Amino acid sequence: MTIPSQVTFVTFDVYGTLIDWEAGAVDAFVKEAAKDGVTLDPAQIVPLFHSVQEQIQAGSYELYAEVLRRTAVQIAKELGWSLEPSRAGFLPDSIQRWLPFKETGPVLQKIAKKYSVGLISNIDDKLLGQTRRHIPLDFDLVVTAQQVRSYKPDPAHFTECERRIGGKKGWVHIASSHYYDVEPCVKKKIPVIWVNRHGQVLEPNQKKPDAEVRTLKEAAKLIGVG
């Protein structure tokens, strides 16, 4: 697949692509642990977040708020912090304070002036609503895990998005996660631009995206938005 010459619809993953979830989640963990006099190593939190969440989401579907609570308890356990499960709500509660990358607002505004835009996210509708307060834009389409009762990389999000758009013609997806977004897009032959913010190096057996960039601004240029 290649990026279509005639783009009409652009979808985005949210967390990691538009929103700096890593900074938000780490801040939430560090502050909550500090209440117990526990000092966490921020460098350990994000890798654990990835591995723990993948395991939880691979099971039967449950709301993302619950996924986050279970993630918080497991990470705390791994780091030797005795977190009472009743306090694990600190993590979903923190989503309202997870902020967009500085480039997000200006780039989205430009893209939305030229193309239809949508969000495809592994989250529930209520929590996404909190995040959208930081992104003052009317999206033409929003597909959440709650709506399809499934988590990426399962293809349900993309299948539903294709149904609502009316096909894949002119559609480009922009995302930062290779695991959650690039892999299912490649499988479904949906053109995908990988925003590889951290310079991740792919293994030989991993599927390559149609294009790879370091920022959202660079992705916008690839679809003709300067």
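Computed from a predicted structure; not experimentally measured.
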* Asked: Where do Val7 and Trp171 land on the side-chain contact (heavy atoms from CB on, under 4.5 Å) test, with the steps shown first?
  -> CA-CA 6 Å; Val7 176; Trp171 172 21; over 6 Å; no

* Asked: Is there a donor in the side chain of Gln53 and an acceptor in the side chain of Tyr64, or the other way round, less than 3.5 Å apart?
  -> yes

* Asked: How are the rings of Trp81 and Phe90 set to each other: parallel, tilted or perpendicular (split at 30° and 60°)?
  -> tilted

* **For His173, the option from Tyr180, Phe12, Phe158 that meets ring-ring contact (aromatic ring centres under 6.0 Å, His included)** => Phe158

* Asked: Taking Thr104 for the side chain and Pro100 for the main chain, is one N or O donor matched with an acceptor at less than 3.5 Å?
  -> no

* **Pairwise side-chain contact, Phe139 with Arg132, heavy-atom cut-off 4.5 Å (strictly under)** => yes

* Thr215 side, atom OG1; Asn196 side, atom CG - distance, nearest 0.5 Å -> 11.5 Å

* Decide yes or no on side-chain contact (heavy atoms from CB on, under 4.5 Å) for Glu183 and Gln206, but give the supporting numbers first. => CA-CA 8 Å; Glu183 289 186 7; Gln206 290 183 294; 4.2 Å; yes

* **Minimum heavy-atom distance Thr11-Cys161, with the two atoms named** => CG2-SG, 3.9 Å

* **Separation of Asp181 CG from Thr17 OG1 (nearest 0.5 Å)** => 6.5 Å

* Do Leu222 and Val172 have side chains that get closer than 4.5 Å, going by heavy atoms? -> no

* Do the ring centers of Phe9 and Tyr115 come within less than 6.0 Å of each other? -> no

* Chi angles and distances behind the side-chain contact (heavy atoms from CB on, under 4.5 Å) call for Ile45, Val30 -> CA-CA 9 Å; Ile45 296 171; Val30 169; 4.3 Å; yes

* Asked: Would you call Arg69 and Glu66 a salt bridge, taking side-chain N to carboxylate O under 4.0 Å as the test?
  -> yes

* Specify whether Trp98 and Trp21 have parallel, tilted or perpendicular ring planes, treating 30° as the upper limit for parallel and 60° as the lower limit for perpendicular. => tilted

* Asked: Taking C-beta and beyond as the side chain, do Ile174 and Val10 meet within less than 4.5 Å on heavy atoms?
  -> yes

* Asked: Would you call Asp36 and Arg87 a salt bridge, using N to O less than 4.0 angstrom?
  -> yes

* Asked: Mind checking whether Leu202 and Gln200 have side chains closer than 4.5 Å, heavy atoms only?
  -> yes

* Residue pair Ser176 / Trp194, side-chain donor-acceptor N/O under 3.5 Å -> no

* Using distance alone, with no hydrogens and no angle criterion, decide if Ser150 and Asp154 have a side-chain donor and acceptor under 3.5 Å apart. => yes

* Over all atoms of both residues, closest heavy-atom pair of Leu127 and Pro92 -> CD2-O, 3.8 Å

* Apart from Leu99 itself, which Ile, Leu, Val, Met, Phe, Trp or Tyr residues share its cluster (side-chain heavy atoms under 4.5 Å, direct or through members)? -> none

* To do: Indicate yes or no for a side-chain donor-acceptor contact from His178 to the backbone of Lys208 under 3.5 Å, with no hydrogens or angles considered.
  => no

* Does the pair Arg163/Glu160 count as a salt bridge with the N-to-O cut at 4.0 Å? -> yes

* Asked: What's the verdict on side-chain hydrogen bond (donor to acceptor under 3.5 Å, both in side chains) for His198 and Glu22, showing C-alpha distance, side-chain angles and the deciding distance?
  -> CA-CA 12 Å; His198 301 307; Glu22 292 185 6; 3.3 Å; yes

* **Where Asp124 and Ala65 come nearest, the two heavy atoms and their spacing** => OD2-N, 3.1 Å

* Asked: In Å, rounded to the nearest 0.5 Å, how long is the span from CD of Gln74 to OG of Ser51?
  -> 8.5 Å

* At what distance, to the nearest 0.5 angstrom, does CD of Glu54 lie from CD of Gln57? -> 8.0 Å

* NZ-CG distance between Lys102 and Asp20, expressed to the nearest 0.5 angstrom -> 11.0 Å

* Report, as yes or no, whether the 6.0 Å neighbourhood of atom NZ on Lys188 holds more than 12 heavy atoms from other residues, nucleotides or ligands. => yes

* For the side chain of Lys168 and the backbone of Pro191, is there at least one donor-acceptor N/O pair under 3.5 Å apart? -> no

* Side-chain touch Lys126/Leu63, heavy atoms, less than 4.5 angstrom -> no

* Mind running side-chain contact (heavy atoms from CB on, under 4.5 Å) on Ile56 and Glu62 for me, showing each step along the way? => CA-CA 9 Å; Ile56 294 173; Glu62 56 191 350; 3.7 Å; yes

* Is there side-chain contact between Glu218 and Val195, with heavy atoms separated by less than 4.5 Å? -> no

* Compare all side-chain heavy atoms of Ile165 with those of Leu141 and state whether any distance is below 4.5 angstrom. => yes

* Identify whether the distance between the nearest side-chain nitrogen and carboxylate oxygen of Asp27 and Arg97 falls below 4.0 Å. => no

* Kindly confirm or rule out a cation-pi arrangement of Arg197 over Phe101, judged by NZ or CZ under 6.0 Å from the six-membered ring centre and within 45° of its axis? => yes

* **Expected output: side-chain Asn122 to main-chain Tyr151 donor-acceptor under 3.5 Å** => no

* **Contact check, side chains of Gln44 and Leu40, non-hydrogen atoms, under 4.5 Å** => no

* **Side chains of Thr144 and Asp125, donor plus acceptor under 3.5 Å** => yes

* Asked: Closest approach of Pro209 and Val192, non-hydrogen atoms and distance?
  -> CB-O, 3.8 Å

* **Closest non-hydrogen atom pair, Ala88 against Val73** => CB-CG2, 3.7 Å

* Asked: Do you know the tightest heavy-atom contact between Ala220 and Val107?
  -> CB-CG1, 3.8 Å

* Any donor-acceptor N or O pair under 3.5 Å, side chains Glu162, His157 -> no

* To do: Working to the nearest 0.5 Å, report the span between CG of Leu83 and NZ of Lys77.
  => 12.5 Å

* Could you tell me whether Asp138 atom CG has more than 12 heavy atoms of other residues or ligands within 6.0 Å of it? => no

* Is there a path from Tyr15 to Leu137 through hydrophobic residues (I, L, V, M, F, W, Y) whose side chains come within less than 4.5 Å of each other? -> yes

